[in-house]
Amino acid sequence: MAKVLVITSGKGGVGKTTSTAALGAALAQAGRKVVVVDFDVGLRNLDLILGAERRVVFDFINVVQGVAKLSQALIRDKRLETLYLLPASQTRDKDSLTETGVASVIKELRGKFDWVICDSPAGIERGATLAMRFADAAVIVTNPEVSSVRDSDRIIGLLDSKTERAERGERVEKHILLTRYDEQRAARGEMLKIDDILAILSIPLLGIIPESEEVLRASNVGSPVTLNSPPSAPARAYVDAARRLEGAAVPMSIQGERKGFFDRLFGWRAA
Amino acid sequence: MNVFFDLFRHRGSAPVARQRLQLLLGQERATRGGGLDLLGVLRDDILVTIARHILVDDDHVHVTIDRDAAMSRLEIEVEIQHQ
């Protein structure tokens, strides 16, 4: 049974696209058939984060408008054969994405994949509401910072009112994914505490992704962090989060970096 | 992880990022503001031409594009069914 998951946040720059790529890759690495869908019309970036930017043939809007078949627009990942990307259009007007068009594409994707992961644009406008519209579950990406938590709360309100499930009186399964978490700053009391964030938002926690240079390195080379650096702390945290999405009871922990010989020797790494 | 390869990884991923961006932005700027997306135009014209001569199901037309700095590749593979 396919599951449609939206990765959303309200606020920009918190890690939605990075998390979409990493969770999608982690689920594909576990053998699931996964498609990641970019909803950010005009500002697409999921192709770049996945390293598929040179291979875009057709896009989401081409499919909605009937110019191309879905199978022609899907780009298969070069490293993971069960991971596919449906890119957003970079050139079209964002109003070209209609609700009926999105509905029919999502329906077709449900028939082909185990997981349909929708990467939402920032904001609460049309693109963001369309990305969440047909979701069964949502991951709300939140940074331990006041404006991000406030925007997450706003998005939770939309998930409870503007989605198809909400309108049918059903619940959208919601999870908080805490990203860019810095344990040292948290210990010094400089960051919102995890328990406080969860108490404020009253949504269960899917995972804690530590702030790490491995995330930047992965985006530089166009490879999800779970593929680019599997032993790194953020990769392990994303793999755990993906397992929880599938219902596994994985104990929550804040992953630390495992330093290698050269890291200890030099004490720094180039980004 | 192999220590030898790990050493090379330390040279950094930033040059890769710069190279990828230069290539991508070069192509995006060229097609913005009315510029010609040559691969896109060729793709559409060729597909129209094929459709004019033979009836093929879209599922049997595979289009791939690989854009590179020195050379780009447009591949259109058509499976023609014999009756």
Side-chain angles (χ1 to χ4, degrees), chain A residues 42-45 47-59 62-63 66-76 78 87 89-92 108 112 213-223 225 228-232 235 258-271, chain B residues 1-37 39-44 46-48 51 56-78:
Chain A
L43 288 172
R44 75 170 174 222
N45 272 320
D47 57 333
L48 193 56
I49 297 303
L50 284 171
E53 73 279 6
R54 300 184 314 166
R55 298 196 292 132
V56 174
V57 183
F58 293 110
D59 58 52
N62 291 145
V63 177
V67 174
K69 278 232 174 163
L70 181 58
S71 58
Q72 296 176 324
L74 290 172
I75 304 170
R76 182 193 233 172
K78 285 203 164 163
S89 172
Q90 185 70 336
T91 50
R92 304 303 175 93
E108 202 177 340
K112 291 174 188 263
E213 58 200 16
E214 286 296 343
V215 174
L216 176 61
R217 199 193 314 269
S219 79
N220 277 347
V221 300
S223 173
V225 70
N228 197 52
S229 179
S232 69
R258 283 179 199 157
K259 294 277 184 190
F261 173 71
F262 280 96
D263 297 300
R264 285 196 297 265
L265 192 64
F266 296 117
W268 55 268
R269 296 182 112 177
Chain B
M1 170 157 305
N2 189 314
V3 168
F4 186 72
F5 284 110
D6 211 33
L7 185 63
F8 280 97
R9 266 161 45 92
H10 286 251
R11 291 169 66 175
S13 56
V16 182
R18 188 193 60 202
Q19 198 181 12
R20 293 174 66 222
L21 275 175
Q22 279 173 336
L23 173 62
L24 180 67
L25 296 186
Q27 285 158 353
E28 286 192 349
R29 285 173 186 154
T31 55
R32 222 164 30 212
L36 185 69
D37 171 19
L39 286 188
V41 170
L42 284 174
R43 175 199 67 197
D44 293 347
I46 293 169
L47 291 178
V48 166
V56 280
D57 188 330
D58 285 344
D59 286 336
H60 298 284
V61 181
H62 306 282
V63 187
T64 58
I65 284 179
D66 196 346
R67 301 166 203 265
D68 218 328
M71 188 193 76
S72 290
R73 183 193 306 272
L74 168 67
E75 285 178 356
I76 298 184
E77 187 186 316
V78 186

Using the side chain to side chain contact (heavy atoms under 4.5 Å, CB included) criterion, which residues pair with B:Thr64? Sequence neighbours excluded.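 Listed in chain order: B:Glu75.
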Contacts of B:Val63 meeting side chain to side chain contact (heavy atoms under 4.5 Å, CB included) (sequence neighbours excluded), chain-then-number -> A:Val57, A:Phe58, B:Arg43, B:Leu47, B:Val61, B:Leu74, B:Ile76
If you round to the nearest 0.5 Å, how far is CZ of A:Arg54 from CG of B:Leu24?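 Rounded to the nearest 0.5 Å, the CG-CZ separation comes out at 10.5 Å.
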Once rounded to the nearest 0.5 Å, what's the spacing between atom CD of B:Gln27 and atom CD of A:Gln90?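 B:Gln27 CD to A:Gln90 CD: 12.0 Å, rounded to 0.5 Å.
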B:Ser13 versus A:Val221, closest heavy-atom pair with distance: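 Closest approach of B:Ser13 to A:Val221: CB-CG1, 3.6 Å.
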Might you point out which heavy atoms bring A:Gly222 and B:Arg20 nearest each other, and give the distance in Å? N-NH1, 3.1 Å
Using non-hydrogen atoms only, which part of A:Ile75 is less than 4.5 Å away from chain B: side chain, backbone, both, or neither?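 For A:Ile75, neither part sits under 4.5 Å from chain B.
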Tell me, side chain or backbone of A:Val67 under 4.5 Å from chain B's heavy atoms, or both, or neither? neither
Can you tell which part of B:Leu21 gets under 4.5 Å to a heavy atom of chain A, answering side chain, backbone, both or neither?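 Side chain only.
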Portion of B:Glu28 that has a non-hydrogen atom of chain A nearer than 4.5 angstrom: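 Contact with chain A involves the side chain of B:Glu28 alone.
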